[in-house]
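Report on one structure; see the data block that follows.
Keep in mind that the numbers below use all heavy atoms, side chains included, and drop hydrogens, waters and symmetry copies. Model, not experiment: these values are computed from the prediction.
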Amino acid sequence: MTMDAKGVIELIKAKGIQIVDTRFTDLFGGWQHYSLPASRLTEDMIREGLGFDGSSIKGFQAINESDMLMVPDPSTAFIDPTLSVPTLVLICDIIDPITRQPYSRDPRTVAKKAEAYLKTTGIADTAYFGPEAEFFLFSDVRFGQGANHGFYYIDSPEAVWNTGAEIPGGNKGYRIRHKEGYFPVPPTDTLQDIRSEMILKMMEIGIEIELHHHEVATAGQCEIDMRFDSLVNMADKVQKYKYIVRNVARAHGYSATFMPKPIFGDNGSGMHTHQSLWKDGEPLFFDETQYALLSKTAQYYIGGILKHAPALLAICAPTTNSYRRLVPGFEAPINLVYSMRNRSAAIRIPTYSSSPKARRIEFRAPDAMCNPYLAFAAMMLAGLDGIQNKIEPPPPLDVDIYELSPEEKGDIRSTPGSLTEALDALEQDYHFLLKGNVFTTDLLETYIETKRKEAVGLSLRPHPYEFMMYYDA
């Protein structure tokens, strides 16, 4: 049964909750919050909303129109499993206090509009998403940037560079060599219990978990896979997932990062995103007569994703660091083709099961730095555009792309080479995002302006490696 405002108050009393934490997501994916004594919360406050200063949130309001309301969604209530004080969390939507209308720059509102638009198309009534968010756990993280310096330093007990480290009590070995972290048992994998604790806390708050494991890179790269869910629900779960990963890591003396490429010379972290469309409880992506058992609907959906991929990545791979991962010559999914098994293809078709319900596509270029509400909505809109316009994808490519000759690779499009290129693509190709008023030009303009400042900020600063290359030139 769906929780309502009255149910939230009853839950607070039944569980001895002392604090209520109200949370919302900003334009760039950060989870924001404030807390109040549980005794102060009323049903009217849940229905009417709680005020906050929107001008203090990056990408939200100007200072002369700062007042905003966050309205708790009672169905999202959960008890925070990482805090010592009994705390009930409510995920909120943002509305304008004067018009009482949903706020166009609220990412969760965007995702809800995307789900509503899907139903109006008649194509499907549900879009399912299953992201595989990867992350690193570091034991030491230091970085700094000033007019006269710029550096970073990371460390991990697992890292191959610690094979010769002098450690009190002795160095016991079992370091993970570069690209050999997938996936040895303990004691080489030192993070088993930490990941297990993470998934148990996720399960406490209703996140269905499929598995967890060490990932390819040295220095604590991990993956936890959640079971798929509908668009808004899955975006909510990604926010919970990242929150639990960070807080459990910190409790064990680690720092978690979802940066796509924090380590030079080893695999980066992505967020391979599985997705499918359903209608009336039936999957729409299956056809046993077609390549990879994919229906024409699924093929057109792929066509839409691949056509709009450069623009999509401004939202789905939204940092300058994202393009340290998306580079040619490695396992990175930079080739805008689809394939059953080729992991350098931007879209892979999983072949583990031939069940109609398991038929889905896996878009491999996104990473977990994205705002999940915006990313899932944008991917679905691109796929729908492909279906609506019958966009045929390029032929599937199951060969090793890196073994092809330059002539054979000539027609294969690639992902953008930088955040700036992705933002340029989004400025040229955004109209598919405006369908159903899911995204607004105001949101996109604000997003692009802020992200361009990030790209310019990086380009203005000397890089430490430039000193290695040029100082004595």
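Looking at Asn247, its side chain does come within 3.5 Å of a backbone N or O of Tyr243 through a donor-acceptor pair. Side-chain atoms of Gln221 come within 3.5 Å of backbone atoms of Gly268 as a donor-acceptor pair (strictly under, hydrogens ignored). Under a 3.5 Å cut-off, the side chain of Lys201 and the backbone N or O of Pro81 do form a donor-acceptor pair. Not a single donor-acceptor pair under 3.5 Å links the side chain of Arg325 to the backbone N or O of Asn267. Judged by distance alone, with hydrogens and angles left aside, the side-chain atoms of Lys279 form no donor-acceptor pair with the main-chain N or O of Ala124 at under 3.5 Å. Looking at Arg47, its side chain never comes within 3.5 Å of a backbone N or O of Pro72 through a donor-acceptor pair. Under a 3.5 Å cut-off, the side chain of Asp266 and the backbone N or O of Lys179 do form a donor-acceptor pair. Counting only distance, with no hydrogens or angles, the side chain of Gln192 and the backbone of His214 share no donor-acceptor pair below 3.5 Å. Under the 3.5 Å distance criterion, the side-chain polar atoms of Tyr103 are left unmatched by any main-chain donor or acceptor of Thr109. Of the possible polar contacts, one joining the Arg175 side chain to the Pro157 backbone as a donor-acceptor pair under 3.5 Å is found.
Residues Glu215 and Phe135 form no side-chain contact, since every pair of their non-hydrogen atoms from C-beta on lies 4.5 Å or further apart. Residues Ser354 and Leu293 are in side-chain contact: their nearest non-hydrogen atoms beyond the backbone lie under 4.5 Å apart. Ser156 is not listed as a side-chain neighbour of Thr218, based on a closest heavy-atom distance of 4.5 Å or more. Residues Val8 and Leu88 form a side-chain contact, since some pair of their non-hydrogen atoms from C-beta on lies under 4.5 Å apart. For the pair Lys240 and Ile91, the minimum side-chain heavy-atom distance is below 4.5 Å. Using a 4.5 Å heavy-atom threshold, the side chains of Glu115 and Ser230 count as touching. Residues Lys58 and Asp26 form no side-chain contact, since every pair of their non-hydrogen atoms from C-beta on lies 4.5 Å or further apart. Within the 4.5 Å cutoff, the side chain of His33 has no heavy atoms near those of the Thr22 side chain.
Rounding to the nearest 0.5 Å places CD of Glu204 at 8.0 Å from CD1 of Ile244. A distance of 12.0 Å separates CD in Glu132 from OG in Ser269, rounded to the nearest 0.5 Å. Taken from CZ in Arg250 to OG1 in Thr82, the straight-line distance is 11.5 Å, to the nearest 0.5 Å. Rounded to the nearest 0.5 angstrom, Leu211 CG and Arg195 CZ are separated by 10.5 Å. Annotation: the span from Ile9 atom CD1 to Met3 atom CE amounts to 10.5 Å, rounded to 0.5 Å. Rounded to the nearest 0.5 angstrom, His308 NE2 and Leu381 CG are separated by 9.5 Å.
Looking only at atom types and distance, the side chain of His272 has no donor-acceptor partner in the side chain of Glu134 under 3.5 Å away. Using modelled atom types and a 3.5 Å distance limit, the side chains of Thr319 and Asn321 yield no donor-acceptor pair. Under 3.5 Å, the side chains of Arg360 and Tyr128 contain no donor-acceptor pair of N or O atoms. Checked by atom type, the side-chain pair Thr87/Asp21 shows no donor-acceptor distance below 3.5 Å. When only modelled atom types and interatomic distance are considered, Tyr373 and Asp106 share no side-chain donor-acceptor pair under 3.5 Å. Between the side chains of Thr76 and Asp73, no donor-acceptor pair is found at a separation under 3.5 Å.
Using bins of under 30°, 30° to 60° and over 60° for the plane-to-plane angle, the ring pair Phe60/Phe24 lands in the parallel bin. A perpendicular orientation is assigned to the rings of Tyr465 and His463, their planes being inclined by more than 60° (bins at 30° and 60°).
Atom OH of Tyr34 has more than 12 neighbouring heavy atoms from other residues, nucleotides or ligands inside a 6.0 Å radius.
For Tyr301 and Phe285, the distance between ring centers is under 6.0 angstrom. A ring-centre distance under 6.0 Å is found for Tyr182 and His213.
Checked against Leu50 for a side-chain contact (heavy atoms from CB on, under 4.5 Å), the options Val20, Leu69, Leu36, Leu90 give a single hit: Leu36.
Under a 4.0 Å N-O distance rule, the pair Glu449/Arg452 does not qualify as a salt bridge. Remark: Arg364 engages Glu362 in a salt bridge, criterion side-chain N to carboxylate O under 4.0 Å. Using a 4.0 Å cut-off between charged nitrogen and carboxylate oxygen, Asp155 and Arg142 do not count as a salt-bridge pair.
For Asn171 against Ala165, the heavy-atom pair with the smallest separation is ND2-O, 3.0 Å.
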Practice task
Evaluate salt bridge (charged side-chain N to carboxylate O under 4.0 Å, His left out) for Glu454 paired with Lys451, printing each intermediate quantity in order.
Solution key: CA-CA 5 Å; Glu454 293 178 15; Lys451 286 293 173 181; 3.2 Å; yes
Practice task
With side chain to side chain contact (heavy atoms under 4.5 Å, CB included) as the test, would you mind laying out the steps for Val160 and Glu180 before giving the verdict?
Solution key: CA-CA 10 Å; Val160 66; Glu180 293 188 17; over 6 Å; no
